[in-house]
Structures are given as structure tokens and as C-alpha cells.
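Residue indices begin at 1 and follow the sequence shown. Reckoned from all heavy atoms, side chains included, excluding hydrogens, waters and symmetry mates.
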Amino acid sequence: MKIFKFGGASVKDAAGVRNVIQVVQTMGYNGLGIVVSAMGKTTNALEDIIECYQNNDQAYLTLIDELFAKHLEIVSDLETNGAGEDVLIRFRESELKKNLKVTIESLKGTMLRNQSKNHAFIYDQVVSHGELLSTKIVASYFNANEIPVDWMDARQLIKTDQKYRDAAVDWKKTEKLIKNNCEGKLFLTQGFIGSDDNGFTTTLGREGSDYTASILAYALDASHVTIWKDVPGVLNGDPRVFENTVLLEQISYREAIELAFYGASVIHPKTLQPLQGKQIELRVNSFLYPQSQGTVIKDGDALKPMTPCYIVRKNLVFLEISARDFSFIGEHNISDIFHQLSESKMEVGLLQNSAISFTICVEDKYGKLSELLDDLEARYKVNAVSDVSLYTIRHHSDNAIESIENGKEVLLRQRTQETLQLVVKG
């Protein structure tokens with residue numbers, strides 16, 4: 001058994017859907033499970049719908065109709081272009097449009113009937129329709145191409161608790177359901193979504209679709225998982241920021257988790273953990289060049305080739321906190337500061353403490369910096385520098401360090417044997 005996961009970029013339009021078919025035909029589909037995300041920017045569109053709905057703006061119904069129309073445009077393209085006449089006829093004669101209409105009406109009904117004030121609950125009930133729409137289109141096109149996939153509702157496979165937007169998997173129930181419904185089948189299902197014991201939809205949080213692929217692979221004892229992306233694999237740095245990046249042919253599970261921890265766009269640790277538990281390989285390949293080398297994540301050497309890896313997080317805030325009377329910053333102070341950071345939903349990228357100061361680099365995701373500073377300045381002396389960048393180099397060398405530091409004003413440098421972090425202005 002093997003699991004393929006296709007993200008939103010791979011199915012953003014009709015050409016993308018046709019390419020997914022070609023990838024599967026090229027790579028083979030015996031013993032294959034397929035996970036598909038929402039198409040393109042669908043999740044963003046659904047988030048706009050939720051915002052209108054919660055502002056009592058009836059325009060959300062118009063936005064739903066517009067979203068439906070965009071999906072119908074993709075269906076229309078698939079009905080008329082890019083395939084043999086037999087495929088087009090089978091696709092046109094499917095029940096797809098009827099099924100999509102039912103999904104849209106279900107979305108409207110869910111919102112009209114909703115009485116909950118819980119934003120996270122509403123979010124999960126609404127945003128999940130993006131995956132439902134995309135998978136119905138892709139599954140129908142597979143079958144029109146005589147690749148007989150079973151469309152599976154992930155909510156009937158993955159059971160979770162009721163922590164909406166970041167649900168925890170009930171592994172015992174989930175493993176049993178997946179084995180009973182998917183083992184030995186060619187199937188296609190949604191990423192990102194599950195359901196609680198009451199049947200309400202839940203979502204799996206950050207990188208949820210990758211996590212779905214990992215859950216399926218674990219339950220089915222898959223040989224490997226392939227994440228199909230629009231890049232050749234995992235690179236040692238973002239090519240939009242760093243020059244002369246190289247493909248990482250192999251990464252160990254541990255190293256991939258380290259890179260993700262520091263902010264690299266690799267694979268989220270929660271996706272890796274189930275795979276590592278059963279020694280299931282994770283592959284990252286290009287859906288544009290499916291037979292190219294790509295990256296394999298598995299046990300073994302940290303990196304092949306061994307090379308510095310560069311990560312940058314921009315638009316952070318650098319805070320230097322000290323006692324007003326120049327007394328020591330002790331454990332009770334640090335506990336107090338972290339409580340305030342948690343209350344303000346700040347994500348900490350780096351921290352360092354000395355006898356009289358505590359220095360942190362934070363990301364103000366929710367625009368609560370002013371509130372945090374007001375709270376801290378009531379008890380501490382605080383120096384804040386906005387718009388800083390946090391650079392991380394794993395497996396650093398002198399040349400790698402020089403390439404980052406050159407011409408920059410360094411506010412803080414923190415170095416271990418394997419990792420160097422620099423906070424710089426701008």
C-alpha cells in the first residue's frame with residue numbers, strides 16, 4: 001500500500017486535475033490511497049464566507065454561489081478539453097454536477113441552521129466543504145479515465161476529539177475504521193478533515209492534509225507516502241531568499257523535525273511522528289516532473305548531501321526585558337513573562353536570558369503587540385525593536401555564517417554545535 005497526497009496547488013484548475021491523472025498513471029495505482037486538498041485558494045474563499053456570516057452580512061450567500069461557479073468552470077473545462085472523446089462523454093454523463101450542488105446546498109443549510117457562537121466550531125463545519133468539492137471533482141475525473149477509485153468521506157474514517165480547528169485523533173477508532181473501509185482498495189479522500197463522536201466535522205490544524213496522509217499510511221502499514229508539490233523536493237533554503245540552493249536528497253526524521261521547528265517549510269512534526277513510529281518513508285516530489293529524484297525522509301544520515309540549511313522568519317519583534325530596579329531576572333519573572341506571551345498568542349522564535357535581562361524574538365500573528373507591551377511595561381523595563389528577521393543555519397560553516405551576516409546589523413547571535421541563530425534588523 002502507498003499513499004499519495006496532492007495539495008491545493010496541484011488541483012487549482014482543470015489542467016492541474018488532468019496532471020494528477022497523468023502522475024498517477026505514470027507512477028502506478030495498484031494499492032494506492034489518494035488524499036486531495038481543496039482547490040487553489042478555496043479555503044481562503046471559505047474563510048471570507050465565514051467572516052461575512054459572523055458579521056451578519058448576507059453577502060456570504062453570494063460568495064458561496066461565486067465559489068460554486070468557480071468549481072463549475074473547472075468542471076466545464078474538464079468536460080470539453082484535454083482528453084479523448086470517450087473520457088469526456090463518461091465525465092459529462094456522471095452525476096458530478098448534481099453531487100456538487102448537493103454539497104453547496106449542504107453548506108448553505110449548515111450555516112442557516114447554525115446556532116453556535118463558537119467560531120472554531122463554525123469554521124470547521126464550513127471550511128471542510130472545500131475538500132468535499134475538490135475530491136468529488138477529482139474522483140469523478142479518475143473514474144471517467146477508467147481509474148476506478150472509491151470516493152471516501154474522511155469524516156467516516158478519522159475520528160477526533162472536539163478541539164475544533166486543531167483536533168486530536170482517536171487513534172484506536174481511526175485505525176479500525178481505515179482498515180475496515182480502505183484496506184486493499186484504490187480510494188480517494190479528503191485531507192484536513194475528520195469528525196467527532198457527535199458526527200460534527202473537525203479539522204486537523206496546521207498541515208492537516210499531510211497529516212491525513214500520514215494517518216492513513218500508519219493505519220494501512222503503507223510502504224511510503226508521497227507529498228506531491230510544485231517544487232523538486234526539499235531544498236536547503238527558500239530559493240526566493242537564498243542563492244544557489246540545493247536539493248536535499250535525503251533527510252532523517254529527526255533532522256526534518258528540527259528544520260520544521262525552526263520554521264523551515266518542510267513537513268510538520270505531527271505528520272512525521274506516525275511515519276517514524278512504523279518506519280514508513282516520506283517522499284517529497286514534483287507533480288510537474290513525477291519521475292525526478294525528489295527528497296526522501298527516513299531513518300539514516302541527517303542530510304544527503306551534508307550542507308548548511310538556511311531558514312528565515314521575517315517581520316518579527318525583538319524584545320529585551322529587564323527589571324526596573326536592575327535586580328536579577330529569575331524563574332518567577334520568566335514564568336510571568338511567558339504567561340503574558342501566551343495570553344497575547346505570541347509565537348516565540350528565540351529566547352536568551354542573562355542575570356538581569358530576558359531577550360526574546362516573537363511573531364505578532366494576532367496584532368496584540370501593543371497589549372503585550374502595556375502589560376509588560378507595568379512591571380518591567382522593555383526595549384522593543386520591530387521588523388527584525390530571524391535567520392537560522394543548521395549545520396553552519398564559516399562561509400555560511402558570513403553569507404548571512406555580511407552587511408547586516410546583528411542584534412543577537414546564538415550558537416550551538418549544529419545551529420546558529422541570528423536576529424538582524426530588517
Between [X] and [Y], does the ring centroid distance fall short of 6.0 Å?
X    : Y    : value
Y123 : Y164 : no
F200 : F121 : yes
F187 : W151 : no

Can you give me the closest heavy-atom contact between [X] and [Y], atom names plus distance?
X    : Y    : answer
F338 : F358 : CE1-CZ, 3.6 Å
R90  : A144 : NE-O, 2.7 Å
V126 : L107 : CG1-CD1, 3.8 Å
A120 : N118 : N-OD1, 3.0 Å
Y218 : E175 : CE2-OE1, 4.0 Å
N285 : P290 : ND2-O, 4.1 Å

Could you state the interatomic distance from [atom1] ([X]) to [atom2] ([Y]), rounded to the nearest 0.5 Å?
X    : Y    : atom1 : atom2 : result
Q340 : Y380 : CD    : OH    : 8.5 Å
I34  : T189 : CD1   : OG1   : 10.5 Å
S265 : E207 : OG    : CD    : 8.0 Å
I64  : H129 : CD1   : NE2   : 8.5 Å
L316 : E347 : CG    : CD    : 9.0 Å
L275 : Y211 : CG    : OH    : 10.5 Å

Between the main-chain N or O of [Y] and the side-chain N or O of [X], is there a donor-acceptor pair closer than 3.5 Å?
X    : Y    : result
S106 : V102 : no
K185 : N181 : yes
T202 : A167 : no
T135 : L132 : yes
S389 : V424 : no
S128 : I193 : no
E131 : A38  : yes
D196 : T160 : no
S403 : A400 : yes
Q279 : Q276 : yes

Item to check | Chi angles and distances behind the side chain to side chain contact (heavy atoms under 4.5 Å, CB included) call for S214, V225 | outcome: CA-CA 7 Å; S214 175; V225 174; 5.7 Å; no

Does the pair [X]/[Y] count as a salt bridge with the N-to-O cut at 4.0 Å?
X    : Y    : result
D65  : K108 : yes
K270 : D210 : no
D161 : K163 : no
D48  : K41  : no
D197 : K159 : no
K136 : E95  : no
E343 : K368 : no

If we count only N and O atoms by modelled type, under 3.5 Å, do the side chains of [X] and [Y] hold a donor and an acceptor together?
X    : Y    : value
E418 : H396 : no
T203 : D124 : yes
N55  : Y60  : no
S37  : S209 : yes
T226 : K5   : no

Taking the side chain as every heavy atom from C-beta outward, state whether [X] and [Y] have any atom pair closer than 4.5 Å.
X    : Y    : result
K70  : T42  : no
V348 : C361 : no
T212 : I158 : yes
Q58  : Y53  : no
L100 : V75  : yes
S386 : L369 : yes
T359 : L319 : no
I227 : F6   : no

Next on the checklist: If you apply the rule side chain to side chain donor-acceptor pair (under 3.5 Å), what do you find for S140 with S94, and how did you get there?
Outcome noted: CA-CA 7 Å; S140 182; S94 70; 3.2 Å; yes

Checklist entry - Given M346 and L372, is the side chain to side chain contact (heavy atoms under 4.5 Å, CB included) satisfied, shown in steps? => result CA-CA 9 Å; M346 293 286 171; L372 173 67; 3.9 Å; yes

Checklist entry - Hey, mind stepping through E255 and L248 against side chain to side chain contact (heavy atoms under 4.5 Å, CB included) and telling me if it holds? => result CA-CA 11 Å; E255 183 65 24; L248 301 175; over 6 Å; no

Around atom [atom1] of [X], are there more than 12 heavy atoms of other residues, nucleotides or ligands at under 6.0 Å?
X    : atom1 : value
K179 : NZ    : yes
K12  : NZ    : no
Q54  : CD    : yes

Next on the checklist: ring-ring contact (aromatic ring centres under 6.0 Å, His included), that's the test. Do Y310 and Y391 meet it? Break it down for me.
Outcome noted: CA-CA 7 Å; Y310 304 90; Y391 286 87; 9.0 Å; no

Next on the checklist: Please evaluate residues M39 and V17 with respect to the criterion side chain to side chain contact (heavy atoms under 4.5 Å, CB included), reporting the C-alpha separation (whole Å), side-chain torsions for both, the decisive distance (0.1 Å), and the verdict.
Outcome noted: CA-CA 10 Å; M39 292 177 154; V17 175; 3.8 Å; yes

Checklist entry - Would R313 and E363 satisfy salt bridge (Lys or Arg N to Asp or Glu O under 4.0 Å), going step by step from the backbone distance to the final call? => result CA-CA 9 Å; R313 296 173 63 184; E363 183 173 1; 2.9 Å; yes

